[in-house]
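Some notes on the structure that comes next.
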Amino acid sequence: MIEDAIWPLRTAVGRDGHVRIGTHDLAALADRYGTPLYVYDAETIRASLREYVDAFFRYRPVRVAYSVKACALIGVGAVIAREGVDASVASLGELEAARRAGFPVSRMELHGNAKPDDEVAAALVARIGRFVVDGAHDIERLARLVHGRRHRPQAVWLRVAPGIKVDTHPHLVTGTVDSKFGAPVSTGEALAQAQQIARAKGLALVGIHAHIGAQVRDARPYGELARALVAFAKEVHAATGAPITELGMGGGVAVRLRSTEEAPLLDEYARAVTGPVRKDRALRGATVYVEPGRGLVGRAAVALYRVVGTKRVPNVRTFVAVDGGMGDNIRPALYGAEYSAVLAARASEPATEEVAVAGRYCESGDVLIRSVRLPTAHSGDLLAIPAAGAYSVAMSSNYNETPRPAVVLLDGARARVIRERETIEDIWRLERR
Ligand SMILES: *Cc1c(COP(=O)(O)O)cnc(C)c1O
């Protein structure tokens, strides 16, 4: 029942039916820290990063940048920062979180299709490594704010929309022409923006970037992406003289949420995004940047919930209701993410019943899992959802005035709280009447 590849490393079921990660009994963690609880495992984060680095081993120069938005917790970021990779951030808050986690600002890329003036100014003061232009308005803003501020020109990437469609949920597609992200290549807008950057004082166009979407299961669109960026980089060089030395391929490689899904093929992905670059005479030496988010943290966390009660509708469905839901993980409601679950203290019992796991929030769409087989669940049982590390806590909210969960980080024999459980008073702290 515990399918290795979707649980943290060293997850096993003891003779007592309890799920353990290494020496840590999930039921004991829930008793000690309460529920809902997110449990991240540092060793699994490091192993996931190693898988990326190993997949790219033969294809240098390559840099891996952690996409901080997948999980911006400083305690999680610190595990990744210690491994010496870069960070990809999408706001000033993420920049600061990444800095506190230990990533050097000079090794960060700042993304965003709507960066406010004050965030751009603060990123320049912090000496952001790469500024990713996303829209003509960004060029004007950056040129204005960089003026007189820096000795060296600001390194800039241009985000483009290469017009590549990927097979995933519509909310997760980001590289088509009809997208709020990136300058379309096909309309000539991308080249026009490249020329504008090249002309601007204080800016150095060094890279082209695109991110085609998320939960992508197939390497083919990444090959298309790499070919499109190589072709466009040459066009830019011809038109502006700017030597393009960096190609950002984004992230988005799928992680498995259920054991029935196929494992993503990182080797194929690595070959797909580097192949066209290495084959091209002009761009052979360019550095390829990959920005995994979910790939580094998705598998590393288990979400723990207490079963509050069960509702049986004969011949229709049985709902097992838990004490969390869309406030701590909105992905099932937002784009139909399909998770699995086990009862964490009864994991060796046969799964005899097909149920839906209902969240506690006042929305019919707040169903964490539409269908999963479990032993008959009772109030007080502990439910564990694996592969819950990405875009869960990061997207959490206080809907229904509900405090956000605590987060624990396991590292070997140690377990420590890296985010305290919020209280109701925390929620009201900024309110005035
Ligand atoms: C979100 C994002 C990523 C990471 O995507 P994952 O699906 O988590 O790998 C990488 N690059 C950019 C620009 C992004 O917006």
Side-chain angles (χ1 to χ4, degrees), residues 45 48-49 51-52 55-56 62-73 76-77 80 85-91 93-95 97-98 103 108-115 128-135 138 156-162 164 166-169 171-176 179-183 207-219 221-222 225-226 229 246-257 264-266 269-270 272-273 288-301 329 331 334-335 337 387-395:
I45 296 171
S48 301
L49 175 58
E51 279 178 30
Y52 265 85
F56 284 95
V62 170
R63 286 204 71 93
V64 176
Y66 171 49
S67 184
V68 170
K69 73 181 193 282
C71 176
L73 292 168
V76 166
I80 299 171
V85 296
D86 299 354
S88 167
V89 298
S91 68
E94 286 186 4
L95 185 158
F103 292 97
M108 290 184 203
E109 305 130 39
L110 178 65
H111 292 276
N113 69 303
K115 309 177 195 73
I128 186 79
R130 308 283 180 277
F131 185 98
V132 186
V133 160
D134 193 346
D138 241 2
V156 172
W157 288 1
L158 173 62
R159 178 161 183 169
V160 301
I164 294 169
V166 292
D167 185 18
T168 187
H169 190 281
H171 291 176
L172 300 177
V173 174
T174 53
T176 58
S179 167
K180 71 171 187 170
F181 296 110
I208 307 296
H209 171 273
H211 171 64
I212 53 177
Q215 277 301 80
V216 181
R217 294 172 191 289
D218 176 12
Y222 286 108
L225 165 66
L229 291 196
E246 299 177 345
L247 293 173
M249 304 289 178
V253 177
V255 296
R256 292 205 282 181
L257 302 182
L265 299 169
L266 284 182
Y269 165 69
V273 293
V288 170
Y289 282 70
V290 289
E291 304 172 308
R294 73 193 64 227
L296 302 192
V297 295
R299 180 185 169 184
N329 188 350
R331 299 185 65 245
L334 194 59
Y335 35 66
Y391 304 103
S392 46
V393 179
M395 287 188 174

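Everything quoted here is computed from the prediction, not taken from an experiment. Note that these values count all heavy atoms, side chains included, but never hydrogens, waters or copies made by symmetry. We count ligands from 1, going down the list as the structure has it; atoms in each ligand are counted the same way.
- An N or O contact shorter than 3.5 Å links Tyr391 to ligand 1 by distance.
- Interface atoms of ligand 1 facing Gly293, defined by a heavy-atom separation under 4.0 Å, are 4 (C), 6 (P), 8 (O), 9 (O).
- Residue contact check: Gly251 has heavy atoms under 4.0 Å from atoms 9 (O), 10 (C), 11 (N) of ligand 1.
- Side-chain contact check for Leu296 versus Val76: every heavy-atom pair is 4.5 Å or farther apart.
- Inter-residue side-chain proximity for Val255 and Arg299 is flagged as unmet; no heavy-atom pair is nearer than 4.5 Å.
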Take Leu257 and Arg331, measure what side-chain contact (heavy atoms from CB on, under 4.5 Å) needs, and give me the verdict at the end. CA-CA 12 Å; Leu257 302 182; Arg331 299 185 65 245; 4.0 Å; yes

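- Contact between Phe181 and ligand 1 is absent, with no heavy atom of the residue lying under 4.0 Å from the ligand.
- Remark: ligand 1 atoms within the under-4.0 Å shell around heavy atoms of Arg159 are 13 (C).
- At least one heavy atom of Gly252 sits closer than 4.0 Å to an atom of ligand 1.
- Counting atoms of ligand 1 from 1 in the listed order, those under 4.0 Å from a heavy atom of His111 are 13 (C).
- Among all non-hydrogen protein atoms, the one lying nearest atom 7 (O) of ligand 1 is Arg294 NE, 2.7 Å.
- Inter-residue side-chain proximity for Pro162 and Leu225 is flagged as met; some heavy-atom pair is nearer than 4.5 Å.
- Closest to atom 2 (C) of ligand 1, if we only count protein heavy atoms, is Lys69 NZ, 2.2 Å.
- Here the side chain of Lys69 pairs no donor or acceptor atom with the backbone of Glu94 at under 3.5 angstrom.
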Let me see the working for Glu246 and Tyr289 under side-chain contact (heavy atoms from CB on, under 4.5 Å), right down to the final yes or no. CA-CA 7 Å; Glu246 299 177 345; Tyr289 282 70; 3.4 Å; yes

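- Considering only non-hydrogen protein atoms, atom 10 (C) of ligand 1 sits nearest to Glu291 O, 3.2 Å.
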Are Arg294 and Gln215 close enough, and set up right, to give a side-chain contact (heavy atoms from CB on, under 4.5 Å), and what steps lead you there? CA-CA 9 Å; Arg294 73 193 64 227; Gln215 277 301 80; 3.3 Å; yes

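- Between Gly250 and ligand 1, not a single N/O pair is under 3.5 Å apart.
- Taking the six-membered ring for Trp and the full ring otherwise, His211 and His111 have centroids separated by 6.0 Å or more.
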Run the side-chain contact (heavy atoms from CB on, under 4.5 Å) check on Glu291 and Glu109 step by step: do they pass? CA-CA 10 Å; Glu291 304 172 308; Glu109 305 130 39; 2.5 Å; yes

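- Residue contacts with ligand 1 do not include Gln215, since none of its heavy atoms lies under 4.0 Å from the ligand.
- No N or O atom of His209 sits closer than 3.5 Å to an N or O atom of ligand 1.
- Remark: ligand 1 atoms within the under-4.0 Å shell around heavy atoms of Ala214 are 7 (O).
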